[in-house]
Amino acid sequence: MPVSSRQAAYLDALGVTRYARRAAPSAASTAREVPASQAPAVVAVPRPVAPVQDVTETPATDPAAAWPALHAQIAACTACGLSRTRTHTVPGVGDRQADWMVIGEAPGAEEDARGEPFVGPAGKLLDAMLHAVGRSRRRGVYITNIVKCRPPNNRDPAPQEAQACAGFLQRQIALVEPKLILAVGKVAAHNLLGRDDPVGRLRGQVWQWQGRVPVVVTYHPAYLLRSPLEKRKVWDDLCLAQDVLERSAG
Ligand code: URA
Ligand code: SF4
């Protein structure tokens, strides 16, 4: 799809009307989107996620073997109490060579039933958001969550559950080597950044995960389903994410 159509597709797909249209996040337009003088601050993160889970390192030179090994480790994991109530582990899905990694919170009921992240209503909205910037779970993005097992009644994962699972996420980031992480929602943002500010204050800036991977924060699609007016802001966040990539490439 031509870049110029993407914002329109985003707005249509997400049901947003009467939006003052901004340029789409393309190589040509994003330089204008965020002039250097207004470029968001890059903020050092004081408290990176520490690995707790003992994730066996398979040589990075053989990712073909590393992924099945990682998925087998996740499937067998009993490091936190979520293992007792899950149906399936939900490791992640998508393009393993993607330059974007989307990190959500935790599997919900449909994800637990199918073993794939973001397949429920929030997932459909996420797909529409990604489509608007020319990405899909087959190309250009890898999608995972802070924890790989569903918390009962869709409660937020507890800090110790997130901590227990952090080694798997670390391994996924090491294998994909994304150039950008899009943290969707407060649980992802808080765990990745080690901060507890509201999403409204964390978005609009470029953070760093462990001092090496840029992180852009946006609203969780489940929240957008409840607060549709915030969808407009997500377009700006997607533009910022795309702009970070353009700048890292240039
Ligand atoms: N919400 C999430 O954060 N992750 C999923 O996989 C599904 C819904
Ligand atoms: Fe293991 Fe993570 Fe599942 Fe907890 S949530 S049992 S740490 S895979």
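Read the numbers this way: they start at 1 and go in the same order the structure lists the ligands and their atoms. For reference, positions follow the sequence shown, starting with 1.
For the pair Ala122 and ligand 1, the shortest N or O to N or O distance does not fall below 3.5 Å. At least one N/O-N/O distance between Asn145 and ligand 1 falls below 3.5 Å.
Of all atoms in ligand 2, listed by their number and element, those nearer than 4.0 Å to a heavy atom of Cys165 are 2 (Fe), 5 (S), 7 (S), 8 (S). The distance from ligand 1 to the heavy atoms of Gly104 drops below 4.0 Å at these ligand atoms: 3 (O). Under a 4.0 Å criterion applied to the non-hydrogen atoms of Cys77, ligand 2 contributes the atoms 1 (Fe), 6 (S), 7 (S), 8 (S). Annotation for ligand 2: atoms under 4.0 Å from non-hydrogen atoms of Phe168 are 8 (S). Residue contact check: Ala164 has heavy atoms under 4.0 Å from atoms 7 (S) of ligand 2. Interface of Pro117 with ligand 1, defined as ligand atoms under 4.0 Å from a residue heavy atom, comprises 6 (O).
Under a 3.5 Å cut-off, the side chain of Asp197 and the backbone N or O of Leu202 do not form any donor-acceptor pair. Between the side chain of Arg86 and the main chain of Pro151, no donor-acceptor pair closer than 3.5 Å is present.
The shortest side-chain heavy-atom distance between Arg201 and Pro198 falls under the 4.5 Å cut-off. For the pair Ile181/Val216, no side-chain contact is recorded, criterion being any heavy-atom separation below 4.5 Å from C-beta on. By the 4.5 Å heavy-atom criterion applied to side chains, Gln172 and Met101 are counted as neighbours.
Within the 4.0 Å heavy-atom criterion, both parts of Glu105, backbone and side chain, lie near ligand 1. Counting heavy atoms closer than 4.0 Å to ligand 2, residue Arg86 contributes side-chain atoms (C-beta onward) but none from N, CA, C or O. If you look at Ala106 next to ligand 1, the close heavy atoms, those under 4.0 Å, all belong to the backbone.
The number of heavy-atom neighbours closer than 6.0 Å to CZ of Arg212, taken from other residues, nucleotides and ligands shown, is above 12. The 12-atom threshold is exceeded at CD of Gln160, counting heavy atoms of other residues, nucleotides or ligands nearer than 6.0 Å.
Look at Cys149 and atom 3 (Fe) of ligand 2: an N/O/S atom of the residue is under 2.8 Å from the metal.
Taking a 4.0 Å cut-off on heavy atoms, His220 registers as neighbouring ligand 1.
Side-chain rings of Trp67 and Phe168 stay apart, their centers remaining 6.0 Å or farther from each other. A distance below 6.0 Å separates the ring centres of Phe118 and His220.
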